[in-house]
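The next block holds one structure in the form of structure tokens; read it before the comments.
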Amino acid sequence: MPELPEVEIVKRSLSKITKKAKILDIKIKNKNLRYKVPKRIRKELVNEKIIKISRRSKYLIFHFKDKNLLVHLGMTGKIIIMKNKSKQLYKTSFYYNLNILPQHNHIYFVLNNGFNLIYNDVRRFGFFRFYKKTKLKDINFLKKLGIEPLSKDFNAKYFRINLKKRKKNIKNLLMDQTFISGLGNIYVNEVLFNSKIHPLRSCKKLNKNEIVSLILNIKKILKISILTGGSSIKDFKDASGKSGSFQQFFKVYGRQNKKCSRISCNSKVKKFFISGRSSFYCENCQI
DNA sequence: AGGCATGTTACAGG
DNA sequence: ACCTGTAACATGCC
């Protein structure tokens with residue numbers, strides 16, 4: 001599910017219902033996520049008020065007084081909002097509608113406002129990390145991250161300055177979270193198509209116009225995706241169960257052998273692998 | 001049956 | 001040091 005826009009959507013839908021909410025209980029059903037879920041979050045966070053939820057790159061941060069909970073959704077992690085003691089919990093239709101299975105509910109947060117937050121993750125690549133009296137800027141996971149693509153500081157100057165030592169192809173550069181953080185495989189494919197740049201082009205050899213085009217398209221695509229509720233590829237739903245619709249606007253991702261999305265172009269979309277990740281491009285439009 | 005999947009990390013080799 | 005590809009993690013879908 002989650003690249004930057006999807007995480008942003010989850011953050012927004014969670015923020016709406018967690019305002020001033022206090023945690024009454026935490027139930028860890030399965031601690032075996034990517035990293036073992038720290039048992040002490042129960043002791044540390046019960047009775048604590050959620051001050052706010054923020055996002056950095058693809059990470060969610062739950063803020064408490066002097067404490068933070070860092071959450072990464074991995075590939076298939078979801079946070080679902082459910083009414084306390086709701087019978088929905090036992091209804092197959094509920095799970096069917098959300099496209100999840102109850103056996104993958106791993107962690108329950110019981111709030112004092114009548115809602116539960118449920119962490120569900122099929123593949124368990126997501127993780128939770130707990131920090132007490134640690135400043136956000138001292139958290140290793142966050143320290144490593146490159147710039148937020150929607151920030152004003154992500155501009156041609158940033159590109160120029162930070163490109164100096166890099167030799168990667170442009171697709172791998174945009175996937176590199178230490179250069180720019182928040183893009184994943186889907187959005188990188190889309191951005192390169194929209195910018196008419198071949199994914200294997202050396203990042204060093206892009207001209208000024210191409211760099212400007214990349215930056216504009218990155219910002220544009222992320223913003224539109226957020227506005228349309230994220231991409232519901234396979235199964236993305238926001239925390240309250242709503243689907244996004246940005247996947248309707250995919251121009252290359254998943255479109256191998258289909259006609260190029262540009263009306264004036266009759267080429268077919270090609271698929272191949274770059275560093276193990278599927279890559280889609282139009283050989284006519286992307287040079 | 002086997003390949004592939006939105007993410008990240010470790011490792012080997014260039 | 002930096003880069004690339006591969007494998008690993010665990011599960012489900014086509």
Side-chain angles (χ1 to χ4, degrees), chain A residues 1-10 29-37 55-60 70-79 95-96 98-106 119-129 139-146 149 162-191 199-205 221-222 225-226 229-238 243-247 249-250 252-257 271-280:
Chain A
M1 141 173 99
E3 297 180 40
L4 186 154
E6 292 74 37
V7 179
E8 177 65 22
I9 301 291
V10 172
K29 298 282 183 196
N30 184 351
K31 61 181 180 328
N32 300 309
L33 303 184
R34 179 183 185 114
Y35 308 115
K36 205 152 95 178
V37 179
R55 177 192 63 73
R56 168 78 170 102
S57 182
K58 304 171 193 173
Y59 292 87
L60 287 169
L70 186 71
V71 180
H72 195 290
L73 301 172
M75 291 269 252
T76 53
K78 299 177 178 65
I79 298 177
Y95 291 97
Y96 181 83
L98 283 174
N99 214 334
I100 59 170
L101 290 170
Q103 61 263 40
H104 304 306
N105 289 349
H106 303 310
Y119 181 76
N120 180 292
D121 191 346
V122 176
R123 292 166 74 180
R124 285 188 268 131
F125 291 171
F127 61 84
F128 284 65
R129 291 256 133 156
I139 293 176
N140 278 334
F141 291 96
L142 303 179
K143 258 194 218 169
K144 294 185 284 199
L145 296 175
N162 288 281
L163 220 51
K164 284 195 175 124
K165 283 177 291 205
R166 314 262 186 174
K167 287 182 203 155
K168 300 177 161 194
N169 64 59
I170 185 61
K171 180 167 188 248
N172 280 345
L173 181 75
L174 297 180
M175 297 281 286
D176 182 343
Q177 303 298 306
T178 68
F179 176 75
I180 177 174
S181 65
L183 297 174
N185 199 34
I186 293 178
Y187 291 102
V188 167
N189 274 290
E190 292 299 308
V191 163
L200 288 178
R201 284 278 296 287
S202 158
C203 65
K204 272 268 185 304
K205 292 186 179 160
I221 288 173
L222 293 177
S225 182
I226 291 169
S231 304
S232 297
I233 171 171
K234 281 207 167 168
D235 56 3
F236 171 70
K237 311 266 177 167
D238 77 6
S243 302
S245 62
F246 187 71
Q247 71 283 2
F249 306 111
F250 287 173
V252 275
Y253 184 83
R255 288 179 50 84
Q256 65 272 30
N257 301 322
K271 176 183 179 182
F272 70 119
F273 287 87
I274 300 174
S275 298
R277 308 308 301 274
S278 56
S279 305
F280 306 87

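Nothing here was measured: the structure is a model prediction, and the numbers come from that model. Convention: sequence-line order gives letters A, B, ...; per-chain numbering from 1.
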For C/dA1 and A/Lys165 - does any side-chain N or O of the residue sit under 4.0 Å from the phosphate oxygens OP1/OP2? no

Is the A/Phe128-A/Tyr35 ring centre distance short of 6.0 angstrom? no

On the nucleotide B/dT8, are OP1 or OP2 found under 4.0 Å from the side-chain N or O atoms that A/His72 carries? yes

Using a cut-off of less than 4.0 Å, is there contact between a side-chain N or O of A/Thr76 and OP1 or OP2 of C/dT11? no

Has A/Lys143 got more than 12 heavy atoms of other residues, nucleotides or ligands less than 6.0 Å from its NZ? yes

Is the base of B/dG7 stacked against the aromatic ring of A/Phe125, taking ring centres under 5.5 Å apart and planes under 30° as the test? yes

Let me know the distance between OH of A/Tyr59 and C1' of B/dT9, rounded to the nearest Å. 11 Å

Tell me whether the count of non-hydrogen atoms from other residues, nucleotides or ligands lying under 6.0 Å of NZ in A/Lys204 goes above 12. yes

Take atom CD1 of A/Ile186 and atom P of B/dG7, then tell me their distance rounded to the nearest Å. 7 Å

Output yes when at least one side-chain N/O atom of A/Asn169 is less than 4.0 Å from OP1 or OP2 of C/dT4, else no. yes

Output the single nucleotide from C/dC3, B/dT9, B/dA5 whose closest atom is nearest the side chain of A/Phe273. B/dA5

B/dT9 P sits how many Å from A/Lys58 NZ, rounded? 10 Å

Passing candidate, side chain to side chain contact (heavy atoms under 4.5 Å, CB included) with A/Ser279, options A/Asn169, A/Asn189, A/Val188, A/Leu200: A/Asn189

Would you mind reading off the distance between A/Glu6 atom CD and B/dG7 atom C1', rounded to a whole angstrom? 12 Å

Phosphate-side-chain proximity, A/Arg124 and C/dT11, N/O vs OP1/OP2 below 4.0 Å: yes

Please state the C1' separation for the pair C/dT6 and B/dG3 - nearest whole angstrom. 16 Å

Atom P, compared across C/dA7 and B/dG2: separation rounded to whole Å: 16 Å

Do any side-chain nitrogens or oxygens of A/His104 fall under 4.0 Å of OP1 or OP2 in C/dA10? no

Tell me: CE of A/Met175 to P of B/dT8, nearest whole Å? 8 Å

Testing A/Ile100, A/Ile79, A/Leu101 one by one against A/Asn120 for a side chain to side chain contact (heavy atoms under 4.5 Å, CB included), which residue passes? A/Ile100

Any residue meeting side-chain hydrogen bond (donor to acceptor under 3.5 Å, both in side chains) with A/Tyr187, in chain and number order, not counting sequence neighbours: A/Glu6, A/Ser225, A/Ser231

Scan A/Tyr187 against the nucleic acid and name what it touches under 4.0 Å (heavy atoms): base, sugar-phosphate only, or nothing. nothing

Distance check, P atoms only: C/dA10 and B/dA10, in whole angstrom units. 16 Å

Rounded to the nearest Å, what distance is computed from the NZ atom of residue A/Lys204 to the C1' atom of nucleotide C/dC3? 12 Å

N/O (side chain, A/Lys271) to phosphate O (OP1/OP2, B/dA5) under 4.0 Å: yes

Ignoring hydrogens and angles, state whether a donor on the side chain of A/Lys171 or A/Asn185 is under 3.5 Å from an acceptor on the partner side chain. yes

Counting any heavy atom closer than 4.0 Å, what does A/Arg166 reach on the DNA or RNA strands: base, sugar-phosphate only, or nothing? sugar-phosphate

A/Arg277 side chain near B/dC4 phosphate (N/O to OP1/OP2, under 4.0 Å): no

Please list residues of residues 177-185 of chain A whose heavy atoms come under 4.0 Å from any atom in DNA chain C, ordered by number; otherwise none. none

Would you tell me if any nitrogen or oxygen in the side chain of A/Ser275 comes within less than 4.0 Å of OP1 or OP2 on C/dG5? yes

With heavy atoms under 4.0 Å as the rule, sort A/Asp121 into base, sugar-phosphate or nothing. nothing

Please determine whether a side-chain nitrogen or oxygen atom of A/Asn172 lies at a distance below 4.0 Å from atom OP1 or OP2 of C/dC3. no

Without swapping roles, check the side chain of A/His104 against the backbone of A/Pro102 for a donor-acceptor pair under 3.5 Å. no

Rounded to whole Å, how long is the line connecting atom CG of A/Leu33 with atom P of C/dA10? 11 Å

Is it true that A/Lys78 and A/Asp121 make a salt bridge, defined as a side-chain N closer than 4.0 Å to a carboxylate O? no

Applying side chain to side chain contact (heavy atoms under 4.5 Å, CB included), run through A/Leu142 and A/Leu145 and close with a yes or a no. CA-CA 5 Å; A/Leu142 303 179; A/Leu145 296 175; 4.0 Å; yes

Stem list for DNA chain B, please, built from Watson-Crick and G-U wobble pairs under 3.5 Å and keeping only runs of at least 3. B:2-5 with C:11-14, B:7-14 with C:2-9

Atom pair distance, as rounded to whole Å: CZ in A/Arg123 and P in C/dT11: 11 Å

So, do A/Phe141 and A/Phe127 have ring centers that fall under 6.0 Å from each other? yes

Which is more 5' along DNA chain C, the nucleotide nearest A/Gly276 or the one nearest A/Asp176? Just name the residue. A/Asp176

